[in-house]
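Okay, so here's the structure we're looking at.
This structure is a prediction, so every number in the text was calculated from the model and none was measured.
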Amino acid sequence: MAAESPEYEVRYGWNWRSAPLAVALFACCAAVLLALVVELVENQVSAWDALMYLLVLVISGGGGLFVALQARSRAVALRVDEKGVLLGGVPPRYRSTTALVPWSEIEAVVLYRYMYLYIGVQRRPGLPPLPGSLGAGWISRCIGHINSSLVEGVAADVMQSGRAVLCWKLDKERLAGAVAHFAPQVDLVDTDA
């Protein structure tokens, strides 16, 4: 029997979290659309109500489409190898939001929970934001600080680089094995344990 490769790679796809979430978002979109049509037929919709209906339609329909596109893409969600940690991007901007973080920049790989399980990297101080992170502007910093205040023990820059484990399944044992193999000096911090 061949030994398992020390590299760890997982791709986006449908699973027990992504499929129900996409169905729920599309169902919400359909229900709101039906309610809007009923109110339009009965001439009981104000401009404010129509705006709220449209906002919910955009959020639920867009969210469902986002989850479906990500799951169907089969793109790399996470790869840990000799080069470092590749954090997969999100559609429709997969390439521009994918970040390959070399081991020389990483102090720790961090798992944390913020509604869903997330994976992020604690990088050495002073490095520019990763592609796909919130960025360096004051609004991004505020969002990062708010988020980090909601998740105890997780730094704002880790949350800014974090990727949700939503349309893929994380194998914590394989992740730990790959990190230990390729970068024994890098800590694997599991705040979700």
Side-chain angles (χ1 to χ4, degrees), residues 4-22 24 63 66-67 70-71 75-91 94 97-193:
E4 195 171 271
S5 169
E7 292 180 359
Y8 175 54
E9 180 179 288
V10 62
R11 293 180 173 270
Y12 292 118
W14 293 106
N15 61 29
W16 65 271
R17 287 182 300 268
S18 58
L21 179 59
F66 174 81
V67 171
Q70 194 168 23
V76 175
L78 175 72
R79 184 174 50 239
V80 180
D81 60 20
E82 70 278 350
K83 295 176 189 169
V85 177
L86 183 130
L87 300 168
V90 293
Y94 178 81
T97 57
T98 295
L100 174 59
V101 188
W103 290 117
S104 61
E105 293 182 5
I106 301 174
E107 293 179 345
V109 176
V110 182
L111 301 175
Y112 61 95
R113 186 162 298 276
Y114 180 61
M115 295 191 320
Y116 297 102
L117 180 63
Y118 278 76
I119 184 167
V121 290
Q122 177 70 54
R123 297 167 66 220
R124 302 203 187 287
L127 295 171
L130 294 173
S133 66
L134 289 175
W138 70 271
I139 293 175
S140 299
R141 286 194 308 273
C142 288
I143 292 170
H145 289 297
I146 291 168
N147 287 345
S148 63
S149 70
L150 297 173
V151 181
E152 190 175 322
V154 179
D157 61 330
V158 172
M159 291 191 76
Q160 286 181 325
S161 71
R163 303 297 199 268
V165 181
L166 179 61
C167 294
W168 54 287
K169 184 177 184 323
L170 179 68
D171 183 333
K172 290 182 180 182
E173 288 181 23
R174 294 235 11 239
L175 173 65
V179 170
H181 179 83
F182 293 111
Q185 76 282 4
V186 172
D187 294 327
L188 177 59
V189 179
D190 188 354
T191 67
D192 187 53

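For residues 177-187, no pair satisfies side-chain hydrogen bond (donor to acceptor under 3.5 Å, both in side chains), with sequence neighbours left out.
Legend: residues meeting side chain to side chain contact (heavy atoms under 4.5 Å, CB included) with Arg79, ordered by chain and number and at least two apart, are Glu9, Val76, Asp81, Leu86. Ala176 meets the side chain to side chain contact (heavy atoms under 4.5 Å, CB included) test with Leu188; sequence neighbours excluded. Arg17 is linked by a salt bridge (charged side-chain N to carboxylate O under 4.0 Å, His left out) to nothing, counting only residues two or more places apart in sequence or in another chain. The side chain to side chain donor-acceptor pair (under 3.5 Å) check on Asp171 picks up nothing, with sequence neighbours excluded. For Phe182, the ring pair (Phe, Tyr, Trp, His ring centres under 6.0 Å) criterion is met by no residue, not counting sequence neighbours. Annotation: salt bridge (charged side-chain N to carboxylate O under 4.0 Å, His left out) contacts of Asp157 (sequence neighbours excluded): none. Partners of Tyr112 according to the side chain to side chain contact (heavy atoms under 4.5 Å, CB included) rule, which considers only residues two or more places apart in sequence or in another chain, are Val110, Tyr114, Tyr118, Val151, Val154, Val158, Met159, Thr191. Shown here are the salt bridge (charged side-chain N to carboxylate O under 4.0 Å, His left out) partners of Glu7, two or more places apart in sequence or in another chain: there are none. With sequence neighbours left out, Glu107 forms a salt bridge (charged side-chain N to carboxylate O under 4.0 Å, His left out) with Arg124. Take Pro20 and apply the side chain to side chain contact (heavy atoms under 4.5 Å, CB included) test, not counting sequence neighbours, and it matches no residue. Glu82 meets the side chain to side chain donor-acceptor pair (under 3.5 Å) test with no other residue; sequence neighbours excluded.
The structure places CD of Gln70 at 4.5 Å from OH of Tyr12, a figure rounded to the nearest 0.5 Å.
Counting only distance, with no hydrogens or angles, the side chain of Ser18 and the backbone of Cys167 share no donor-acceptor pair below 3.5 Å. Proximity of a side-chain donor or acceptor of Arg123 to a complementary backbone N or O of Pro128 within less than 3.5 Å is detected.
Using a 4.5 Å heavy-atom cutoff, the side chains of Val10 and Leu170 are not in contact.
Of all non-hydrogen atoms in Val179 and Val186, the two that sit nearest each other are CG1-O, 3.7 Å. Among all heavy-atom pairs drawn from Val80 and Trp103, the shortest one is CG1-CZ2, 3.5 Å. Here the shortest heavy-atom pairing between Pro102 and Leu100 reads CD-O, 3.5 Å.
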